[in-house]
Every structure is written in C-alpha cells, then in structure tokens.
Amino acid sequence: MTYWYTMITKNDILENNSQQKALHQKRFTPLADTLTDQGIDVESVLKKLDTFQIAVPSWALGTGGTRFARFPEGGEPRSLEEKIEDVGLLHLLNASSNAISLHIPWDIPKDATAIKQLASSHGLLFDAVNSNTFQDQPDAKVSYKFGSLCHVDKHVRDEAVAHNKEVIDHGVALGSKALTVWLADGSSFPGQLNFREALQRTQDSLQQIYDHLPADWKVLVEYKPYEPYFYSMVIPDWGTSHLLASSLGEKALSLVDLGHHLPNTNIEQIVAILMMQKKLGGFHFNDSKYGDDDLTVASIKPYQFFLIFNELVDGMQNTKNPELSWMIDASHNLKDPIEDLIQAIEAIKIAYTQALIVDRTALKKAQSVNDVSAAQEVLQNAFRTDVRALVAESRMRMGGAYDPLNSFRENQIRKQLIAKRGLKTVATGL
Ligand code: RM4
Ligand code: MN
Ligand code: MN
C-alpha cells in the first residue's frame, strides 16, 4: 500500500539509523557498562521496553485550544482514516504507539471492517473506546446540560446508557477490549444536586452499561475533581471511582488521568493503593501545573512522573493487578500535535526505564531499617541516570528511528501534511 508519507519509509529510517550508529554506540556503551556494574540486567530492561506500547487518542491529532482561541498549524487529519495515518506515522517513527483510542461520536467508523484493515496495515490496534455524554449532539432529543448518568430525569439517563452501549458495540466491531467512561456530571452551585442520590443514580446507570460488556471487556472509570462543574463532580476522586468499580464487579477498574487531581496530590500513592486492590485499569498520561492542563507528559513535574512509574513497576512486579491500558490524553495548542506526541512517548519511556533500573533490593533494605537517606539515594540514583541511549537502543531494535522528532522535522512531514490536507483543516475533538 502507498501512503503520503512514502517519503519516509522504513528503509529511510533504517538508513538514517545506520548513519547514527557510531554516535549512538558512543552514548549507549558506557551507559550499559555503568548499569551492568550496578548489577542491572540491561538485556531484560531492553526486552521490557521493546514490547511497551502506548495508545494515542484520536482527539489529540489536531490542534487543541482554550475557551478563548485556537491556533491551528494546518494539515490536521480531516477524517478517521487520516487520524489513523497520523498514528501510523508515529508508530513508524517510535515503534511504541501501536494503538489508537477512539472517542465516539467524534470518530464513528462508517465501515468498521475497512477501518480495521487500514489500522492493521499500519500495525495498529484499537485501544479503549471513549463515550461522550459531556456534549449535546446536533440530533439529540435530550440535553446533558444537567448531567448524564446521574440526571434526575430517567429519559436522559436512558439516553446516556444507550449511548455507552452503542460505544461498546462500535468497539466490539473494531476489536477493542475496553470502554472508558469519563463523566462530566456534577453541579456548580450548592443545593443544585443531592450528592447521595446523584451517586446512586450514576451507579445504577453504570450497572446497566456494565451488564452490556462482553465477557473479555473492561470498563475504566475516570475521576476528576472539578470542571466542567465547579462546585461538585459526581466522581471527583479515586475513592469514588474505586467504590463504583468495586460495586460494579471484576470487569470494572479505575482509571488515573494525571491531570485530574488537585495540586500536590500524591498520585503515586493512589497508584500503589489501587494496584494493591487489583483495581487500577489504566492511565491517561499528561502533565499539569494547576488543573486539567493537558500539557506534555513530564514537561512540568518529571520527578513526580518518575515516582509514579516507580510505583507502577513495583505494582506490576508485586501485585496481581490486571494488565494496564496505557494512553496519552493531552491537548496540544502551542506545539505541533505530532511533535508533542513524539515528546510524550519519549518521556513515558524514559520514566519507565528509570523505574526499571531502581535497585529494589537496596530500597527494600533501606525501608526495613528506616534508613531514609539511603532510600532517597536509591530513587534519585535511578532518576538522575540519563537513560535516553537505552530508550534509543530499544527503539532502533524495534525498527523505529534513532531520533523520531528529528526525523519528523528533517523529512518536513508537517509541510507534506499541509500540502495534502490543506491549511485550514480542523480535526474533530476538543
Ligand atoms: C476529559 C477527560 C477524558 C477525555 C476528555 C476529552 O477531561 O480527561 O478522558 O475523554 O477530556
Ligand atoms: Mn482523561
Ligand atoms: Mn482531562
């Protein structure tokens, strides 16, 4: 099959990688030697990295905006097919984003079989499907202005439940295995909502959606402390998400979106507790300074991000938590969306690698004798190790580019996209 980006083929990537070989070895060999001296099995770290995949949301391929303005750069995908092409390009460059997560109804596939084929021609799968009950659709008979699954009016709840069931059906046709539910439901003024009754109605509605899940599916329940409502949200925190997931059953799990916490919340502790309960289902990666800022992963708080990955790795090794679904959920309003996604995936892999090289035996030992300084040394030794050459080594082994961002720029991909799609295209999403 021929695509617009045949100007950057697998062969171009391999050729460029071989030109970078000497430079790469100069960086990689001393790093591998240092880690080996520290007792780390570099090969097994690389193997874990090789298979690590992060899903890309279909709504992150266009330029995001604020409620004030949007400044698109052009060449945005005009259709689901073009969104798949963009994720295919990312995957070609970094070998780590082999799945796309769709938001319905923004991305309803007209022909599921053809879309599935297109995705698989790029080596892509379908990650969790996302429902949308935070906007009214043009043909909607009811309004979500005062909530969806929690609404006081049964007609609105029924509509929202039916929508979620349809989203599951679309997902089944594409081979997806999970539904992510993020509810905008809440209130902006005291007295607007009866908290207890709103949560009860939400639980009942979610139960109907849960009962529609195929046997091998999961439902991931997201939480968020405020926005779009500013006084209360029906699922404001991990505790409420966990409570709902527990009452629904084994197929229901909590989803942590990094931007959905009040400032200074100890997210790594939330991760640890949910994994202990076998109830962490997945992740929405982004970074935030103040709220749901949807900034590039680890661009603001890289140490916190590392600490979160440290708990994830510990949990994956020492708990029975089910396999996690990894996904980016960011909005790019200043940077080229594809460049921002390249940076995000790199940041995730760096933090994962640093968490993998933590000396867990030494950490355990320090904790067992309350040696606080030693425990800090162990964590910071890993965090302060520049592991970028290790990430590059794994990426090249998997056929990806030595430096994906540079390849994207050198090959003038945005220029090609603008030439093909136009300057004024707008991708669906937020
Ligand atoms: C929300 C939340 C959801 C995402 C929407 C677009 O803030 O993070 O995961 O589906 O934004
Ligand atoms: Mn999210
Ligand atoms: Mn969000």
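Not measured: the values here are computed from a predicted model. Counting convention: from 1, in listed order, for ligands and their atoms alike. Residues: numbered from 1 along the sequence shown.
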### Query
Any chance CD of Q367 has more than 12 other-residue heavy atoms, nucleotides or ligands included, within less than 6.0 Å?
yes

### Query
Nearest to the Mn ion (ligand 2), which N, O or S atom of D329 do we find?
OD2

### Task
Could you tell me whether the side chains of H212 and N164 share a donor-acceptor contact shorter than 3.5 Å?
no

### Metal-centred angle, the Mn ion (ligand 3) as apex - NE2 of H260, OD1 of D292, 10° resolution
80°

### Query
Judged by atom type as modelled, is there a donor-acceptor pair below 3.5 Å linking the side chain of R388 to the main-chain atoms of I350?
no

## Note on the structure
Under 4.0 Å between heavy atoms, the region of D294 that gets near ligand 1 turns out to be neither

### Message
Under a 4.0 Å threshold between the charged nitrogen and the carboxylate oxygen, would E323 count as salt-bridged to K177?
### Response
no

### Query
Would H284 count as a contact for the Mn ion (ligand 2), in the sense that one of its N, O or S atoms lies under 2.8 Å from it?
yes

### Query
What part of N132, side chain, backbone, both or neither, has a heavy atom within less than 4.0 angstrom of ligand 1?
neither

### Message
Among W106, W182, F134, which one puts a heavy atom closest to atom 1 (C) of ligand 1?
### Response
W182

### Query
At the Mn ion (ligand 2), what is the angle formed between atom OE2 of E222 and atom OD2 of D257, rounded to the nearest 10°?
100°

### Task
Give the contacting part of H284 toward ligand 1: side chain, backbone, both or neither, where contact means a heavy-atom distance below 4.0 Å.
side chain

### Task
Give a yes or no on this: more than 12 heavy atoms of other residues, nucleotides or ligands lie within 6.0 Å of atom CD of E250.
no

### Message
Taking the basic N atoms (NZ, or NE/NH1/NH2) and the acidic carboxylate oxygens, is any pair closer than 4.0 Å for D136 and K145?
### Response
no

### Message
Any heavy atom of H260 closer to ligand 1 than 4.0 angstrom?
### Response
yes

### Query
For atom CG of D111, is the number of surrounding heavy atoms from other residues, nucleotides or ligands below 6.0 Å larger than 12?
yes

